Amino acid sequence: MFWAWLRMAMAVAVVLLPGGFPLLLAYIAVRTLRARWHNAQMEAHSRGREASLRDVVASLHFKELIREARAAL
């Protein structure tokens, strides 16, 4: 529910504020990193080791951020 409200607020910010586009990009980056972090933790837990932020950032590609941006709009 929180993400739906945040998505709506970001859409309004992009339309109304001159700096809204960087806010949208930040929202998409945080959302993608959060999902990746969760997946990395689940995978690391199944292998019996700890997940690191380096693993998550290293597996992130710009193409996936673009795909997430399209899905968010």
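Here, residue 1 is the first one in the sequence, and each next residue gets the next number. Computed over heavy atoms, backbone and side chain alike; hydrogens, waters and symmetry mates excluded. On a predicted model such as this, the values are computed, not experimentally measured, just so you know.
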Listed by chain and number, what are the side chain to side chain contact (heavy atoms under 4.5 Å, CB included) partners of A44, not counting sequence neighbours?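 Counting only residues at least two positions away or on another chain, A44 forms a side chain to side chain contact (heavy atoms under 4.5 Å, CB included) with R49, A51.
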Find the distance between CD (Q41) and OG (S46) and round it off to the nearest 0.5 Å.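 That separation rounds to 12.0 Å.
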List in chain and number order the residues that pass side chain to side chain donor-acceptor pair (under 3.5 Å) with E43, two or more places apart in sequence or in another chain; answer none if no residue qualifies.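 E43: side chain to side chain donor-acceptor pair (under 3.5 Å) contacts with R47.
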Taking all non-hydrogen atoms of both residues, which atom of W37 and which atom of L53 are closest, and how far apart?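 W37 and L53 have their closest heavy atoms at CZ3-N, 3.5 Å.
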